[in-house]
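Some notes on the structure that comes next.
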Amino acid sequence: MSKSYKITLFFLILLSSTFFFFHENYLCGCLLVLFSFIPIFFIFKNEFLLLAFFKIRKKDMKGLKKYLKYIRNPETQLTKNQIAYYYFLNGILYSEEDIFQSENYMQKALDFGLKFKQNIAIAKLNLAIASLSKGDKKKAEFLLLEAKKTDIFGLLHDQIQIIKIQMKKMNIGKNRQNPFIRS
């Protein structure tokens, strides 16, 4: 549901509450005034994003994909901050299937501006993995360093160390001489 529909629903419920107030039915009027704030709440907190965050917490990727598909046009349905988290969740969803599509989504999420430092660290870690898979080691090192700086709670410490080990293995493979070539 777009933002304009939610605002229209808010005004319709508010008008019906004034109707009840004029007919001296104060209980229904007060209840409708309280119910009128529900669409306003869902303007600032999209219902499908809330459900998607619930599904990712339960590690249900099929449910996450289902709820993200309900958002067909993020620019009209979501606020700027919500658009960032929409792309962030899509990046997490595609991180296991297609790392390059995940990279695009994570870059868009960073461009729109993620709010929490931990989410920024996760996005930069995914971008570092994508850069490493492309073979751009310098960019991957830079992104890993940024991810380490923004990871204030140290939750990604193990993942960062694993990526650093993978980078060292890539260096070992390049310096090794081919055993089938005679000197």
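In what follows, residues are counted from 1 in the order of the sequence shown. Values reported hereafter were calculated over all heavy atoms of this structure, with side chains retained and with hydrogens, waters and symmetry mates removed.
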- [ ] Step by step, work out the side chain to side chain contact (heavy atoms under 4.5 Å, CB included) result for L9 and Y5.
- [x] CA-CA 6 Å; L9 184 62; Y5 288 133; over 6 Å; no

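- Across V33 and S36, no two heavy atoms sit closer than the pair O-OG, 2.5 Å.
- Of all heavy-atom pairs spanning I99 and N126, the tightest one is CD1-O, 4.4 Å.
- Note on I71: it clusters hydrophobically with I83, by side-chain heavy-atom contacts below 4.5 Å among ILVMFWY residues.
- Closest approach of S95 to I92, counting heavy atoms only: OG-O, 2.8 Å.
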Report all side-chain donor-acceptor pairs from residues 61-68 shorter than 3.5 Å, counting only partners two or more places apart or in another chain.
none

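- Between atom CG of residue L125 and atom OG1 of residue T150 there is a gap of 9.5 Å, rounded to the nearest 0.5 Å.
- Partners of K164 under the side chain to side chain contact (heavy atoms under 4.5 Å, CB included) rule, at least two apart in sequence or in another chain, are L144, K148, I160, Q161.
- Taking D60 as the reference, K55 meet the salt bridge (charged side-chain N to carboxylate O under 4.0 Å, His left out) condition, with sequence neighbours excluded.
- In F42, the CZ atom is crowded: over 12 heavy atoms of neighbouring residues, nucleotides or ligands sit closer than 6.0 Å.
- When hydrophobic side chains of Ile, Leu, Val, Met, Phe, Trp and Tyr are connected at separations under 4.5 Å, F142 ends up as a singleton with no cluster partners.
- Here the straight-line distance linking atom OG1 of T76 with atom CG of N73 works out to 3.5 Å at 0.5 Å rounding.
- Between the side chain of N90 and the backbone N or O of Y86, at least one donor-acceptor pair lies under 3.5 Å.
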- [ ] Start with the C-alpha distance between F88 and I122, add both sets of side-chain angles, then the distance that settles side chain to side chain contact (heavy atoms under 4.5 Å, CB included), and finish with yes or no.
- [x] CA-CA 9 Å; F88 178 71; I122 292 170; 4.0 Å; yes

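- Follow the hydrophobic side-chain contacts under 4.5 Å out from L78 and you reach L114 in the same cluster.
- Looking at K80 and E75, no side-chain N of the basic residue comes within less than 4.0 Å of a carboxylate O on the acidic one, giving no salt bridge.
- Taking 4.5 Å as the limit, some side-chain heavy atom of K6 sits within range of a side-chain heavy atom of N46.
- Under the side chain to side chain donor-acceptor pair (under 3.5 Å) criterion, the residue pairs touching residues 151-160 are Q118-D151, with sequence neighbours excluded.
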Open item on the list: side chain to side chain contact (heavy atoms under 4.5 Å, CB included) for I162 and I165? Distances and angles first, verdict last.
Closed with: CA-CA 5 Å; I162 291 170; I165 291 169; 5.5 Å; no

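- Proximity of I7 to P39: side-chain heavy atoms (C-beta onward) are nowhere separated by under 4.5 Å.
- The hydrophobic clustering, which links ILVMFWY residues whose side-chain heavy atoms are closer than 4.5 Å, places F11 and I40 together.
- The NZ atom of K138 lies 14.0 Å from the CG atom of L143; values are rounded to the nearest 0.5 Å.
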TODO: Show your reasoning for whether side chain to side chain contact (heavy atoms under 4.5 Å, CB included) applies to K124 and I120.
DONE: CA-CA 6 Å; K124 288 186 179 184; I120 294 170; 3.8 Å; yes

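- Taking CG of D136 as the start and CD of E141 as the end, the distance is 9.5 Å to the nearest 0.5 Å.
- Side-chain atoms of Q77 come within 3.5 Å of backbone atoms of R72 as a donor-acceptor pair (strictly under, hydrogens ignored).
- Between F53 atom CZ and L89 atom CG the span is 4.5 Å, to the nearest 0.5 Å.
- One hydrophobic cluster, built from ILVMFWY side chains closer than 4.5 Å, holds both L51 and Y70.
- Taking the side chain to side chain contact (heavy atoms under 4.5 Å, CB included) definition, one finds that F116 meets it with Y85, N119, sequence neighbours left out.
- Checked against side chain to side chain contact (heavy atoms under 4.5 Å, CB included), L132 has the following partners two or more places apart in sequence or in another chain: A140, I163, Q166, M167, M170.
- Counting heavy atoms from C-beta on, the side chains of L127 and L110 come closer than 4.5 Å.
- Atom OG of residue S131 and atom NZ of residue K137 lie 13.5 Å apart, to the nearest 0.5 angstrom.
- Among residue pairs with one or both ends in residues 101-113, those qualifying as side chain to side chain donor-acceptor pair (under 3.5 Å) are E103-K134, Q107-D111; sequence neighbours excluded.
- By the side chain to side chain contact (heavy atoms under 4.5 Å, CB included) test, K45 is found to be paired with F41, L50, residues two or more places apart in sequence or in another chain being considered.
- Sparse packing is recorded around CZ of F54, with 12 or fewer heavy atoms of other residues, nucleotides or ligands lying under 6.0 Å away.
- Among all heavy-atom pairs drawn from G113 and N81, the shortest one is O-OD1, 3.7 Å.
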Just list the side-chain donor-acceptor pairs under 3.5 Å for residues 19-30, sequence neighbours left out, or say none.
none

